[in-house]
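Everything below concerns the one structure shown next.
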Amino acid sequence: MNAPAKTEEFASAIPAGVYAETVLSVTHYTDRLFRFTMTRPDGFRFRSGEFAMIGLMVDGKPIFRAYSIASPAWAEELEFFSIKVPDGPLTSHLQLIKPGDQVLMRKKPTGTLVLDALTPGKRLYMFSTGTGIAPFASLIRDPETYEKFDEVILTHTTREISELKYGFDLIHEIQNDELLQEVVGDKLRHYATVTREDFGYRGRITDLISSGKLFTDLGVPPIDPAVDRGMICGSSAMLKDTKELLEKAGLEEGANSKPAEFVIERAFVG
């Protein structure tokens, strides 16, 4: 049986070095996107922006894929935002999970979209397409982000308006959380664009950067390496094109071992 298991047989089949956690909630946004939360293992530590390997037992074997942890490092639960791939080895099963089901997670998180990989700056751009917003869902709810930056600009580009809802839900949750709103204040700005439907802001984020419309819309100057920092998560083409634009502006790519002006998450490309 390929459905997520809840039995003792499932527990006995869990590989070493893997957590088995309980699904707490599932929200389906479209026929392609869903969000779910699950219990957080005791002692599990991660930095906001990192990803974990999430999996299920399918035909008696564990299947894992990299998923950004969408909840902030302080949260009691773990949140994930996933695409649905009809014949995907994992997502074809993961999209069927319900509260009470068990999901596997390897014990070591990692990733480059962390504050430690950036040198100090004043304005932080988070460039995302599709489910690439997930690591930023973690970072925009982490007080440390606002301790390090005066302004945080989250850009989220999708094909259709309905695919933007997760991002709007995040902003709404922050605005209605008394503690978070006190920390965030007016530092967070959300710039959502759509490529295939009429919407307030339309177009690929790379085109909006190139034309300067992004900066005009936001009322900020063009990207300046002395002030601006960037994080990028999305499709392979978007990563390549955005990286080129940031380098053209004078920013240098960084890493955990060598912090610089922008970072890219490549774990989900290929």
Side-chain angles (χ1 to χ4, degrees), residues 1-7 9-10 13-15 17-39 46 49-71 77-113 128-138 156-167 169-170 194-196 232-240 264-270:
M1 187 172 86
N2 290 338
K6 306 179 185 179
T7 62
E9 181 182 351
F10 177 93
I14 297 170
V18 172
Y19 296 113
E21 298 303 313
T22 303
V23 175
L24 299 172
S25 68
V26 182
T27 302
H28 293 273
Y29 283 95
T30 70
D31 58 359
R32 297 182 65 250
L33 300 168
F34 71 107
R35 169 191 201 176
F36 69 95
T37 63
M38 67 185 197
T39 53
F46 69 96
E50 289 189 315
F51 67 86
M53 299 301 292
I54 295 294
L56 292 172
M57 297 296 292
V58 178
D59 294 329
K61 297 178 181 178
I63 294 180
F64 290 93
R65 292 292 184 271
Y67 272 80
S68 287
I69 305 170
S71 44
E77 301 172 359
L78 297 180
E79 176 185 321
F80 300 91
F81 184 48
S82 176
I83 194 169
K84 303 176 186 178
V85 181
D87 54 356
L90 177 61
T91 58
S92 61
H93 305 290
L94 192 64
Q95 65 183 288
L96 303 176
I97 60 172
K98 295 179 175 60
D101 288 342
Q102 299 287 298
V103 172
L104 303 177
M105 182 176 72
R106 287 186 178 152
K107 295 186 176 182
K108 185 171 175 53
T110 188
T112 55
L113 297 180
S128 68
T129 56
T131 54
I133 193 175
F136 305 139
S138 174
H156 186 209
T157 302
T158 62
R159 295 181 303 180
E160 299 170 0
I161 296 169
S162 60
E163 296 171 334
L164 291 173
K165 190 175 188 310
Y166 176 66
D169 281 356
L170 290 171
V194 169
T195 59
R196 296 189 182 179
I232 314 170
C233 192
S235 66
S236 56
M238 178 266 195
L239 297 186
K240 176 179 176 292
I264 298 174
E265 185 54 80
R266 294 184 174 87
F268 313 105
V269 176

Kindly determine whether Thr30 and Lys165 satisfy side-chain contact (heavy atoms from CB on, under 4.5 Å), including the steps that lead there. CA-CA 9 Å; Thr30 70; Lys165 190 175 188 310; over 6 Å; no

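- The number of heavy-atom neighbours closer than 6.0 Å to NZ of Lys240, taken from other residues, nucleotides and ligands shown, is 12 or below.
- Residue Pro99 is tested with Val26, Leu24, Thr22 for a side-chain contact (heavy atoms from CB on, under 4.5 Å); the sole match is Val26.
- The line from CZ of Phe64 to CZ of Arg106 is 5.0 Å long, rounded to the nearest 0.5 Å.
- In terms of modelled atom types and a separation under 3.5 Å, the side chain of His156 and the main chain of Gly130 share a donor-acceptor contact.
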Evaluate side-chain contact (heavy atoms from CB on, under 4.5 Å) for Thr131 paired with Leu33, printing each intermediate quantity in order. CA-CA 8 Å; Thr131 54; Leu33 300 168; 3.5 Å; yes

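- A distance of 6.0 Å separates CG of Leu104 from CD1 of Ile14, quoted to the nearest 0.5 Å.
- One finds the CD1 atom of Ile97 at 7.0 Å from the CG atom of Leu56 (value rounded to the nearest 0.5 Å).
- Here the side chain of Lys98 pairs no donor or acceptor atom with the backbone of Ser25 at under 3.5 angstrom.
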Assess whether ring pair (Phe, Tyr, Trp, His ring centres under 6.0 Å) is satisfied between Phe36 and Phe80, documenting all intermediate values. CA-CA 6 Å; Phe36 69 95; Phe80 300 91; 5.3 Å; yes

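- The two residues Gly111 and Phe51 have their closest heavy-atom pair at CA-CE2, 3.7 Å.
- Smallest separation of non-hydrogen atoms from His28 and Phe34: ND1-CB, 3.6 Å.
- Of all non-hydrogen atoms in Ser235 and Thr129, the two that sit nearest each other are N-OG1, 3.3 Å.
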Check the pair Phe81, Tyr67 against side-chain contact (heavy atoms from CB on, under 4.5 Å), reporting the backbone distance first and the verdict last. CA-CA 8 Å; Phe81 184 48; Tyr67 272 80; over 6 Å; no

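- For the side-chain contact (heavy atoms from CB on, under 4.5 Å) test with Val23, the passing option among Thr37, Val103, Leu94 is Val103; the others fail.
- Looking at Pro86 and Gln95, their side chains never come closer than 4.5 Å, going by heavy atoms from C-beta outward.
- Of the possible polar contacts, none joining the Glu265 side chain to the Cys233 backbone as a donor-acceptor pair under 3.5 Å is found.
- By the side-chain hydrogen bond (donor to acceptor under 3.5 Å, both in side chains) test, Arg32 is found to be paired with Glu163, residues two or more places apart in sequence or in another chain being considered.
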May I have the step-by-step check of side-chain contact (heavy atoms from CB on, under 4.5 Å) for Met38 and Ile54, ending in yes or no? CA-CA 11 Å; Met38 67 185 197; Ile54 295 294; 3.8 Å; yes

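- One finds the CG atom of Leu170 at 12.5 Å from the CZ atom of Phe136 (value rounded to the nearest 0.5 Å).
- The distance from atom OG of Ser92 to atom NZ of Lys84, rounded to the nearest 0.5 Å, is 12.5 Å.
- Both the sub-6.0 Å distance and the 45° axial angle are not jointly satisfied by Arg35 relative to the ring of Tyr166.
- Put simply, the side chain of Ser138 never gets that close to the backbone of Ala70: no donor and acceptor are under 3.5 Å apart.
- Thr39 meets the side-chain hydrogen bond (donor to acceptor under 3.5 Å, both in side chains) test with Glu21; sequence neighbours excluded.
- With sequence neighbours excluded, the residues satisfying side-chain contact (heavy atoms from CB on, under 4.5 Å) with Val85 are Ile83, Asp87, Thr91.
- Residues passing the side-chain hydrogen bond (donor to acceptor under 3.5 Å, both in side chains) test with Thr27, sequence neighbours excluded: none.
- When the side-chain hydrogen bond (donor to acceptor under 3.5 Å, both in side chains) test is applied to Thr158, no partner is found at least two apart in sequence or on another chain.
- Here the CD1 atom belonging to Ile264 is positioned 9.0 Å from the CE atom belonging to Met238, to the nearest 0.5 angstrom.
- Between Phe46 and Pro109, the shortest heavy-atom distance links the atoms CB-CG, 3.7 Å.
- Applying the ring pair (Phe, Tyr, Trp, His ring centres under 6.0 Å) rule to Tyr19 yields the partners Phe44; only residues at least two apart in sequence or on another chain are considered.
- In this structure, Glu160 contributes its side chain and Ser162 its backbone to no donor-acceptor pair below 3.5 Å.
- Considering all non-hydrogen atoms of both residues, Pro135 and Leu113 come closest at CG-CD1, 3.6 Å.
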